[in-house]
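Following: one structure in structure tokens, then a few remarks.
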Amino acid sequence: MTVATVETFYAVLAIVAISLVAVTLFVQGLALLSIDGRMARDRIGAMVAPNAMVLAAVVAGLAMAGSLFFSQVAHFEPCVLCWYQRIAMYPLVVILGFAAWRHARRAVAIARVFAVVGACLSTYHVALERLPGLDTGSCGTGPACTVIWFQIYGFVTIPFLALSAFLLILALLSFHEPTEVHA
């Protein structure tokens, strides 16, 4: 499998993820405005909720696998912000896997914190790629955070991949309804 193939695969996943996030936001917004919107949200929630934790763990696992592929196979050296995003993403594989396995409410709350922090870091990193003048020296040593290793469809870059994964995890967690606490 070539690096270009993996880049395209992850770019398509990111677009699907962002599309699902947009649908989630739209449905959640409709739920605030009308009874029909609440009914639609509840129907979607009933379909997603039973598997939300497993799906979120899969998203985190795919994101972790992608970041490892890009650094270890494609030899894209991670910048400081990439490392911070990894610090936010990698534990999510374990936390969400545990939450799915044990129906652990506290684990879900912790996962939300990691995902929000990761989404904020990713948003800043995407902004730095587009507007390098925003860099206040946060990257320090190593590769510059403004380096774009690849760009597909004109906007999908590695930080965008991370952002889409963090946002999809948050969208999935928005449908999760913890009913049991075993942890």
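- Residues Ala88 and Gly118 share a closest heavy-atom pair of CB-CA, 3.7 Å.
- Annotation for Ala165 and Val59: closest pair O-CG1, 3.7 Å, computed over non-hydrogen atoms.
- If you chain together hydrophobic residues whose side chains sit under 4.5 Å apart, Val94 and Ile169 never meet in one group.
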Practice problem: Evaluate the side-chain contact (heavy atoms from CB on, under 4.5 Å) criterion for residues Phe70 and Glu7: first the C-alpha distance (whole Å), next the side-chain angles of each, then the deciding distance (0.1 Å), finally the verdict. | Solution: CA-CA 9 Å; Phe70 291 130; Glu7 290 171 356; 3.8 Å; yes
Self-check item: Steps toward side-chain contact (heavy atoms from CB on, under 4.5 Å) verdict (Thr157, Arg130)
Solution: CA-CA 11 Å; Thr157 61; Arg130 301 297 170 213; 3.9 Å; yes
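- In the hydrophobic cluster analysis, where Ile, Leu, Val, Met, Phe, Trp and Tyr join through side-chain heavy atoms closer than 4.5 angstrom, Phe26 is grouped apart from Leu170.
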Quiz item: Could you walk me through whether Thr8 and Tyr153 pass the side-chain contact (heavy atoms from CB on, under 4.5 Å) check?
Solution: CA-CA 9 Å; Thr8 303; Tyr153 308 126; 3.9 Å; yes
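- Distance check, rounded to the nearest 0.5 Å: CD1 of Ile44 to CZ of Arg41 gives 10.0 Å.
- Contact annotation: the side chain of Tyr90 approaches that of Ser67 to within less than 4.5 Å [non-hydrogen atoms, C-beta and beyond].
- Counting heavy atoms from C-beta on, the side chains of Ile158 and Phe150 come closer than 4.5 Å.
- Between atom SG of residue Cys145 and atom CG of residue Leu121 there is a gap of 10.5 Å, rounded to the nearest 0.5 Å.
- Judged by distance alone, the side chain of Ser122 and the main-chain N or O of Ala119 form no donor-acceptor pair under 3.5 Å.
- The shortest distance between side-chain heavy atoms of Leu173 and Leu96 falls below 4.5 Å.
- Contact detail for Ala107 and Ile95: the closest heavy-atom pair is O-CG2, 3.2 Å.
- A continuous path of Ile, Leu, Val, Met, Phe, Trp and Tyr side chains, each step under 4.5 Å between heavy atoms, connects Phe166 with Val23, placing both in one hydrophobic cluster.
- Arg86 is listed as a side-chain neighbour of Ser71, based on a closest heavy-atom distance under 4.5 Å.
- Taking the ring-ring contact (aromatic ring centres under 6.0 Å, His included) definition, one finds that Phe155 meets it with Phe160, sequence neighbours left out.
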Quiz prompt | Candidate pair Ser174 and Thr24, rule side-chain contact (heavy atoms from CB on, under 4.5 Å), full reasoning | solution = CA-CA 9 Å; Ser174 76; Thr24 300; 3.8 Å; yes
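- Residue Val16 is grouped with residue Leu172 when hydrophobic side chains (ILVMFWY) are merged at heavy-atom distances under 4.5 angstrom, including chains of intermediate members.
- Two residues are said to be in side-chain contact when any heavy atoms from C-beta on lie closer than 4.5 Å; Met1 and Phe69 fail this criterion.
- Considering every non-hydrogen atom in both Arg38 and Ala31, the closest pair reads CG-O, 3.0 Å.
- In this structure the side chain of Met64 reaches within 4.5 angstrom of the side chain of Leu68, judged on heavy atoms.
- The side chain to side chain contact (heavy atoms under 4.5 Å, CB included) test applied to Met39 returns Ile35, Asp36, Arg43, not counting sequence neighbours.
- The shortest heavy-atom contact between Leu92 and Ala111 is CD2-O, 3.4 Å.
- Taking the side chain as every heavy atom from C-beta outward, Phe114 and Met89 never approach each other to under 4.5 Å.
- Val80 and Trp83 fall into different hydrophobic clusters, where Ile, Leu, Val, Met, Phe, Trp and Tyr residues are linked whenever their side-chain heavy atoms come under 4.5 Å apart, directly or through other members.
- The two residues His75 and Gln72 make their nearest non-hydrogen contact at CE1-O, 3.4 Å.
- With values rounded to the nearest 0.5 angstrom, Leu134 atom CG is found 11.0 Å from Thr146 atom OG1.
- When side chains are defined from C-beta on, Ile152 does not count as touching Tyr10, because their heavy atoms never get closer than 4.5 Å.
- Considering CG of Leu161 and CD1 of Ile15, their distance stands at 9.5 Å, rounded to 0.5 Å.
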